[in-house]
There are 4 protein chains.
Amino acid sequence: MIKVGIIGATGYAGGELVRILMGHRETEIKWYGSKSYIDKKYCEVYQNMFQIVDSVCMDDNMEELADQVDVIFTATPQGLCASLINEEILSKVKVIDLSADFRIKDVKIYEQWYNIEHKAPGYIDEAVYGLCEINRNDIKNARLVANPGCYTTCSILTAYPLVKEGIIDSDTLIIDAKSGVSGAGRGAKVANLYCEVNENIKAYGVTSHRHTPEIEEQLGYAAGRKLTLNFTPHLVPMNRGILVTEYATLRQDCFDAGASNIEKYEKIKSIYNKYYGDEKFIRVLEHGVCPETKWVEGSNYVDINFVIDDRTDRIIMMGALDNLVKGAAGQAVQNMNLVFGINEDEGLTMVPTFP
Amino acid sequence: MIKVGIIGATGYAGGELVRILMGHRETEIKWYGSKSYIDKKYCEVYQNMFQIVDSVCMDDNMEELADQVDVIFTATPQGLCASLINEEILSKVKVIDLSADFRIKDVKIYEQWYNIEHKAPGYIDEAVYGLCEINRNDIKNARLVANPGCYTTCSILTAYPLVKEGIIDSDTLIIDAKSGVSGAGRGAKVANLYCEVNENIKAYGVTSHRHTPEIEEQLGYAAGRKLTLNFTPHLVPMNRGILVTEYATLRQDCFDAGASNIEKYEKIKSIYNKYYGDEKFIRVLEHGVCPETKWVEGSNYVDINFVIDDRTDRIIMMGALDNLVKGAAGQAVQNMNLVFGINEDEGLTMVPTFP
Amino acid sequence: MIKVGIIGATGYAGGELVRILMGHRETEIKWYGSKSYIDKKYCEVYQNMFQIVDSVCMDDNMEELADQVDVIFTATPQGLCASLINEEILSKVKVIDLSADFRIKDVKIYEQWYNIEHKAPGYIDEAVYGLCEINRNDIKNARLVANPGCYTTCSILTAYPLVKEGIIDSDTLIIDAKSGVSGAGRGAKVANLYCEVNENIKAYGVTSHRHTPEIEEQLGYAAGRKLTLNFTPHLVPMNRGILVTEYATLRQDCFDAGASNIEKYEKIKSIYNKYYGDEKFIRVLEHGVCPETKWVEGSNYVDINFVIDDRTDRIIMMGALDNLVKGAAGQAVQNMNLVFGINEDEGLTMVPTFP
Amino acid sequence: MIKVGIIGATGYAGGELVRILMGHRETEIKWYGSKSYIDKKYCEVYQNMFQIVDSVCMDDNMEELADQVDVIFTATPQGLCASLINEEILSKVKVIDLSADFRIKDVKIYEQWYNIEHKAPGYIDEAVYGLCEINRNDIKNARLVANPGCYTTCSILTAYPLVKEGIIDSDTLIIDAKSGVSGAGRGAKVANLYCEVNENIKAYGVTSHRHTPEIEEQLGYAAGRKLTLNFTPHLVPMNRGILVTEYATLRQDCFDAGASNIEKYEKIKSIYNKYYGDEKFIRVLEHGVCPETKWVEGSNYVDINFVIDDRTDRIIMMGALDNLVKGAAGQAVQNMNLVFGINEDEGLTMVPTFP
């Protein structure tokens with residue numbers, strides 16, 4: 001059994017990690033870290049865990065934790081993991097960080113967008129960006145995995161094959177993203193009260209959201225050059241789910257002159273199949289079916305599809321995932337499975353819940 | 001492997017059966033029956049099943065089905081199961097009926113409340129009322145299980161121990177129930193449109209809801225005499241979940257004269273523990289914690305608790321469950337497990353999802 | 001023009017007062033009090049008021065306010081109004097208090113249920129309980145109006161005629177109430193976050209909610225004797241609205257022996273008509289129609305109806321209102337209209353919004 | 001008093017017309033047309049109107065109606081108004097058509113996108129496109145007003161000044177729109193059931209939504225040439241509200257070389273002010289404030305704002321309105337006010353409701 005410690009176990013992502021690991025046959029959770037609830041029974045914080053989890057919450061002591069477990073998940077605010085990590089810890093345990101601390105390779109960009117000093121820049125290079133379907137082999141050998149952001153996972157996976165193959169003009173890429181409220185975390189803020197969010201939709205962080213440079217960096221690797229793009233998140237009145245709608249101009253020179261819409265469709269579809277055809281957790285939908293967040297809720301799936309607009313020569317790509325699963329805890333477990341060499345889908349076979 | 005056929009696989013309860021059985025290690029679904037979608041791929045009706053279920057929908061042919069499977073679930077409108085059942089079928093397969101056809105022993109009461117003629121009254125006696133925690137032994141030997149209604153399961157289990165032990169005056173029992181919208185099914189009716197239900201709460205079927213006689217009959221068995229009670233359902237703007245709030249007068253002669261609130265609490269708690277202490281799927285909560293539907297969502301749990309009011313000598317009992325799981329498909333699978341002698345919780349260990 | 005000052009203008013009830021008074025032709029708001037947002041533009045707190053309200057928020061200075069306005073609304077937490085009120089203020093302005101400070105005549109009961117020392121018990125006697133349809137004449141002459149609670153208004157009005165006429169056994173009265181989330185106020189608490197409330201229903205304050213003694217006192221006046229009853233509030237995932245479902249045993253001696261259900265109905269209906277037939281804001285619905293919160297949303301109406309159950313000899317009464325309008329700000333304006341002798345419905349003719 | 005007839009009074013837009021006209025001091029509704037509910041009391045269809053509207057529903061007889069009223073609103077499916085309109089009717093009454101029949105000047109485009117034969121192409125030329133803030137003077141003299149679509153009103157008004165002034169490259173315009181569910185109407189379809197829509201977001205009609213050519217045509221007039229653009233609608237789990245997020249490249253030659261972000265902001269802001277500075281119902285928000293649908297709910301306002309992205313040289317424009325008010329019934333009343341020469345805001349001064 002893999003012994004697991006969680007730092008930040010009482011946030012929404014931490015809670016989802018616990019839910020998923022309860023169904024994982026090769027792990028046991030040894031440490032429910034939660035600075036805010038030390039000594040409180042975990043199931044008093046999350047009553048759904050009554051008679052399932054009997055442990056009490058512990059402090060965020062990474063050193064001690066490193067002696068007791070095989071893998072640490074940090075589901076904590078930005079900066080915490082970087083402030084605690086060190087060589088001794090990494091020599092003893094694997095670390096899967098759900099925060100942004102090790103996602104961005106350029107420390108200046110991290111410090112500028114997050115407005116925080118990075119406390120462990122020396123580990124940025126070593127950290128592997130844990131987008132499993134893209135970096136699977138590197139992840140297998142990682143000591144430190146930077147688990148991608150929720151918006152990021154959805155945004156990147158939706159466009160990745162087309163950027164990689166150069167079939168879209170990446171400079172035209174615009175990502176309009178919509179998220180459920182759990183992405184905002186469990187902090188008590190007026191802006192996240194029921195009555196403020198319910199029956200309402202708004203954009204926020206327009207041109208300035210922190211997931212922007214992460215998406216640009218990763219898609220830049222695919223494109224083979226630096227990219228800038230627009231990323232606009234919106235808050236939607238639902239608990240879970242991210243939907244991205246992405247716009248880009250198709251490079252017409254990639255198609256035969258006079259290619260019909262259906263011929264273009266087939267070519268693009270074959271590109272998606274090339275990258276995702278064997279991926280269990282990425283479902284490229286049938287022609288004409290638009291992804292919906294409800295169809296992936298509670299599961300580790302990303303649903304992707306696209307429509308080609310001959311009138312404007314643009315492609316509209318769409319992707320949907322559950323922000324707490326594939327966008328956070330599910331992908332973290334998938335990364336753990338890769339790191340420990342067990343079945344990649346262990347603990348992750350939850351069928352989406354409907355309705 | 002137990003071969004399963006589902007009649008009514010594209011309703012919400014049918015869909016939940018499929019979701020649950022996907023995680024059941026000793027069954028395989030052989031027949032997705034759905035009169036409305038014959039020959040359509042199941043995953044085109046429920047897109048969450050894309051790349052998970054590859055079958056097409058079939059007709060509701062119970063005779064043919066009886067030759068191919070070991071158990072048939074009927075998740076269909078009232079009257080259908082009764083109109084199809086016969087000795088030949090029951091000699092070949094087990095039948096677990098999620099409709100009301102075989103729940104009520106008095107056929108006149110059934111016909112009066114459901115306003116339908118019963119087509120197979122001869123099987124009512126044989127049918128076992130599938131409330132697992134109450135009728136476990138009878139279920140094990142049943143050919144035909146009448147799976148209880150969603151409101152009913154919650155209403156009965158919440159009060160059962162106190163009615164059985166006679167510690168409440170059953171004639172004072174009032175059940176105020178609140179349900180999510182999936183209980184209303186997937187039929188296209190104006191009353192169930194998003195805009196009609198959202199931001200709204202109402203009572204309906206006041207004094208006339210069909211689950212009333214079912215609750216009265218079952219609690220009557222516990223009381224050892226006929227009961228009448230008030231049951232008032234309400235529609236709540238949420239997908240899943242039933243909460244019941246039940247009121248009854250405590251029989252003061254059951255307590256020592258001058259017993260304190262906490263002494264009464266302990267006595268009542270010990271009664272709940274006597275009946276449910278060993279039950280995996282019934283969680284009697286800690287003192288002071290009120291059940292919430294969110295804490296059981298997606299799982300087979302029923303959460304129960306109570307408060308004693310010394311000012312009025314009443315007890316307020318509360319129970320919460322997921323109407324599609326313990327209130328329908330989950331309990332149906334639990335019944336199947338009992339009938340086939342496998343672990344009662346097989347396929348039912350889903351941890352409640354939060355948020 | 002009546003000059004208005006609001007203390008607590010940035011809470012939800014305060015915001016609703018502003019919305020309503022914007023449509024009132026005989027008032028102007030002179031003071032937007034909000035301790036938390038002093039010097040901030042009101043429309044930056046409530047962006048819906050952009051280009052409608054241009055004022056900035058002021059302190060809660062009741063003395064100064066008394067010199068500037070004709071009426072003060074206090075939409076503040078319990079205790080504040082009582083701590084600020086004095087003879088000089090009441091000699092200058094009318095005060096309509098939306099908190100509980102002057103609702104309960106027995107100061108000991110107030111202090112016990114609210115766990116707070118009453119700072120101005122001397123004014124409790126003078127204060128008029130502002131349930132307009134019941135206490136209209138006293139309100140007209142009041143200096144200090146205790147505006148009723150949201151649950152209370154709905155609970156009392158629904159049962160009042162039957163209690164007053166003695167046609168129900170008041171000792172059997174049970175009130176099961178359901179409220180939208182705005183009733184919980186705008187404070188930043190985890191329990192009121194979107195993800196905690198959404199897709200969830202729960203009871204809370206079972207046997208201990210503070211509106212209980214207020215309901216008991218007022219219905220006790222109607223009954224002519226002290227009453228105790230059960231009141232159980234529930235939190236429903238919607239912004240606005242309260243629905244109460246009330247249960248009581250009908251006194252069979254009030255009906256002719258062998259009276260049919262419809263005869264009983266007519267008798268009860270005539271009692272409701274006697275009290276509410278001329279009331280603009282109380283709508284007793286047609287036979288068979290259950291009140292729904294959506295049908296009164298945004299308006300000052302209370303919708304009421306009832307069903308008689310011959311099987312149990314009980315009556316089920318139902319009432320619905322918008323907790324921020326008839327349950328708070330609307331009733332406060334109705335009280336102001338009465339106090340100042342203008343049309344009772346001025347500013348209150350908003351038609352319910354649907355959907 | 002202006003006598004009003006409504007055809008389609010029991011749809012959501014029709015119901016909103018009734019709600020708004022109840023507060024309009026210069027109209028009275030003479031005819032509640034509703035083919036589906038002929039002879040049924042209007043308040044039995046919309047119970048919020050109980051004791052407010054006492055009329056029964058009538059047939060859709062436009063000829064007869066023309067003799068009885070001064071203005072007819074047609075809130076009906078596409079094709080109906082065109083099939084009924086004729087010279088005699090237009091010689092007697094003004095017609096404000098809320099359907100798409102007379103919105104698109106090119107009948108071929110109408111027939112292609114709506115897949116319907118136009119029955120009265122002869123009146124397309126005469127019809128005035130009722131976007132009040134743009135076509136005010138023409139509307140004043142119109143006999144037949146084509147009331148704009150909900151998505152269209154929001155999409156056009158948000159970009160109009162920048163397209164008109166040529167400061168954005170109109171060929172780069174991308175409109176990502178999000179709508180509440182009432183926009184889908186009151187028809188009983190599975191796709192609009194509560195459980196299908198709730199906790200879900202999806203795009204639909206991608207590249208093919210019927211509002212696309214309407215937006216293109218109107219913005220084309222502003223640009224002075226034909227435009228094609230991408231318009232992608234999404235369904236959001238809320239009753240009311242449309243939010244559009246629009247992306248376009250700023251024409252850098254319109255700014256001084258090296259202009260700072262704030263200088264660009266001021267220039268764009270002054271353009272918005274030029275067009276909308278005196279408009280009561282269009283609010284261009286303060287710097288940094290993003291429109292939210294909740295801030296305009298129930299009102300006739302459109303809230304607009306924008307952010308300039310120096311990294312990509314794009315501008316992100318955002319607009320929010322209530323689809324049933326400014327997006328349908330409110331704008332229809334605004335058009336009626338213009339046509340009849342009364343105050344443009346009569347009946348339309350509803351303050352947005354929050355929460």
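To find a chain, count down the sequence lines: A is the first, B the second, and so on, and within it residues start at 1.
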Novice: Quick check for you: among C/Asn192, C/Asn198, C/Val197, C/Val190, which has the greatest number of heavy-atom pairs under 4.5 Å with chain A?
Specialist: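 That would be C/Asn198.
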Novice: Any heavy-atom pair between the side chains of C/Arg186 and A/Glu196 that's under 4.5 Å?
Specialist: yes
Novice: Which pair of non-hydrogen atoms, one from C/Cys195 and one from A/Ser182, has the smallest distance, and what is that distance?
Specialist: SG-N, 3.4 Å
Novice: With side chains defined as the heavy atoms from C-beta onward, is the minimum distance between C/Asn200 and A/Tyr194 less than 4.5 Å?
Specialist: no
Novice: Which heavy atom of A/Leu193 sits nearest to which heavy atom of C/Ala188, and what is that distance?
Specialist: CD2-CA, 4.2 Å
Novice: Name all residues meeting the side-chain contact (heavy atoms from CB on, under 4.5 Å) criterion together with C/Met350; count only those two or more places apart in sequence or in a different chain, and write none if there are none.
Specialist: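 C/Arg19, C/Ile20, C/Val325.
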